[in-house]
Amino acid sequence: MSTKPDVFRMCVWPACLVGLLSTGILSLDCNLLHFHLRKVTWQNLRLLSNTSSSFPVECLQETTAFELPQEILSHTQPVKRYIKEAFYEMSIQAFNIFSQHTFKTTWEKDYLKQIQIGLYQQLQYLEQCLEEEEKEKEDSKEMEQNGMNWSGAMVSQLSNLELRRYFNRIDNFLKEKKYSHCAWEIIRVEIRRCFYYFQKFAVLLRKK
């Protein structure tokens, strides 16, 4: 199963690429993936907290429930590849949200750029590791041997679909609110909650 989304390559804005490409191409040990994911996610949590001083009281009445999927992997025994694919889907969707040209906020631009760079590097690293796994499975035919060929693929597809729906609700909210300052503040809090949730996935990668 391919993990290279064409939409990602289409949505990388030229202005953002200038900063991203200057960070260099990642070629890292996939055994350390969990460490990198935890580090970048924690860094982005800190940056999102620092982009704005405090949540505006006037925005409280506009808050909404985006229904972050809380059981993405709970209906099956967590498998490293499914965790990586869920992390990949989350990263690309978050990158797309933070790469829009519609910011009407007082956020610190340097923090926003660092978030974009962190997510981009995370995507590079995940793509590298998923491609390595794909090659190994093609050689060993591991998916066929352990009987996960169909059910495993279905679990991954369902998880990613739930994540895409979640981020689609976020994107629709921004559009409905015409990308207002309050809308972005609400999204900042929501995606920070999402990042906290995905910290658990990085821990699972280390344990397995």
Side-chain angles (χ1 to χ4, degrees), residues 5 7-17 19-20 37-74 83 85-123 126 158-204:
V7 65
F8 171 63
R9 290 176 174 78
M10 293 171 63
C11 76
V12 181
W13 307 110
C16 187
L17 272 178
L20 297 178
L37 293 179
R38 291 184 67 187
K39 178 181 177 182
V40 172
T41 303
W42 182 252
Q43 173 182 297
N44 283 340
L45 281 167
R46 178 178 55 81
L47 290 168
L48 279 175
S49 297
N50 293 338
T51 51
S52 185
S53 56
S54 61
F55 187 83
V57 176
E58 64 271 18
C59 299
L60 287 173
Q61 60 183 3
E62 296 186 38
T63 57
T64 187
F66 296 101
E67 300 177 3
L68 171 65
Q70 294 293 320
E71 299 181 351
I72 293 176
L73 297 173
S74 65
I83 296 173
E85 289 177 355
F87 228 114
Y88 188 84
E89 186 66 36
M90 180 278 292
S91 300
I92 190 173
Q93 296 294 339
F95 182 90
N96 289 346
I97 291 292
F98 289 126
S99 297
Q100 298 190 45
H101 287 304
T102 49
F103 273 87
K104 295 180 181 178
T105 74
T106 57
W107 292 6
E108 174 58 54
K109 299 302 181 184
D110 287 343
Y111 290 158
L112 177 60
K113 181 178 177 181
Q114 289 179 56
I115 292 171
Q116 292 170 331
I117 290 173
L119 287 169
Y120 183 78
Q121 290 181 333
Q122 189 163 281
L123 283 162
L126 281 162
L158 289 171
S159 297
N160 289 343
L161 179 61
E162 288 300 313
L163 279 171
R164 282 193 287 271
R165 287 173 174 168
Y166 166 69
F167 278 97
N168 189 54
R169 289 191 288 271
I170 289 177
D171 191 46
N172 287 338
F173 175 80
L174 286 169
K175 291 175 182 176
E176 290 171 4
K177 298 296 182 179
K178 301 185 186 302
Y179 304 96
S180 66
H181 172 69
C182 276
W184 277 114
E185 284 298 309
I186 291 169
I187 294 309
R188 177 177 69 88
V189 173
E190 179 62 28
I191 294 186
R192 187 174 62 186
R193 188 167 75 96
C194 177
F195 286 169
Y196 270 121
Y197 176 54
F198 269 82
Q199 281 283 63
K200 302 175 185 177
F201 285 7
V203 173
L204 287 174

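What you are looking at is a predicted structure, and each value in this text was computed from that prediction instead of being measured.
The stretch residues 42-61 participates, sequence neighbours left out, in no ring-ring contact (aromatic ring centres under 6.0 Å, His included) pair at all.
The nearest pair of heavy atoms linking Ile97 to Ile170 is CD1-CG2, 4.0 Å. Residue Tyr111 comes nearest to Asn50 through the heavy atom pair CE1-O, 3.3 Å, listed as atom of the first residue, atom of the second, then distance. For the pair Leu47 and Gln114, the tightest heavy-atom approach, listed with the atom from each and the gap, is CD1-CB, 3.6 Å. Minimum interatomic distance between Met90 and Leu163 (heavy atoms only, all atoms of both residues): N-CD1, 4.2 Å.
Summarising the geometry, atom CG belonging to Leu112 is positioned 10.0 Å from atom CD1 belonging to Ile117; distances are rounded to the nearest 0.5 Å. Interatomic distance, CD of Glu162 versus CD of Glu67, reported as 9.5 Å (0.5 Å rounding). Atom CD of Gln43 sits about 10.0 Å away from atom CD of Gln122, to the nearest 0.5 Å. Between the OG atom in Ser99 and the CD1 atom in Ile92 there is a gap of 10.5 Å [rounded to 0.5 Å]. Atom CD in Glu58 sits 5.0 Å away from atom SG in Cys182 (nearest 0.5 Å). For the atom pair CD1 (Ile191) and CD1 (Ile186), the distance works out to 12.5 Å, reported to the nearest 0.5 Å.
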Is there a side-chain contact (heavy atoms from CB on, under 4.5 Å) between Asn160 and Tyr88? Walk through the geometry before answering. CA-CA 9 Å; Asn160 289 343; Tyr88 188 84; over 6 Å; no

Between Leu126 and Leu37, is the side-chain contact (heavy atoms from CB on, under 4.5 Å) condition met? List the steps. CA-CA 9 Å; Leu126 281 162; Leu37 293 179; 4.1 Å; yes

Stepwise side-chain contact (heavy atoms from CB on, under 4.5 Å) check, Asn96 with Phe167: CA-CA 10 Å; Asn96 289 346; Phe167 278 97; over 6 Å; no

Check the pair Ser49 / Arg192 against side-chain contact (heavy atoms from CB on, under 4.5 Å), numbers first and verdict last. CA-CA 8 Å; Ser49 297; Arg192 187 174 62 186; 3.2 Å; yes

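Summarising the local packing, CZ of Arg169 is surrounded by more than 12 heavy atoms from other residues, nucleotides or ligands at distances under 6.0 Å. Environment of CD in Gln61: sparse, with no more than 12 heavy atoms of neighbouring residues, nucleotides or ligands closer than 6.0 Å.
Between the side chain of Thr63 and the backbone N or O of Leu60, at least one donor-acceptor pair lies under 3.5 Å. Counting only distance, with no hydrogens or angles, the side chain of Asn172 and the backbone of Asn168 share a donor-acceptor pair below 3.5 Å. Side-chain atoms of Tyr196 never come within 3.5 Å of backbone atoms of Leu45 as a donor-acceptor pair (strictly under, hydrogens ignored).
Using modelled atom types, one finds no donor on one side chain facing an acceptor on the other under 3.5 Å when comparing Tyr166 with Glu89.
Using the six-membered ring where Trp is involved, Phe198 and Phe87 have ring planes that are perpendicular, over 60° apart on the 30 and 60° scheme. Relative ring orientation between Phe173 and Phe66 is described as perpendicular, the plane-to-plane angle rising above 60° on a 0-90° scale split at 30° and 60°.
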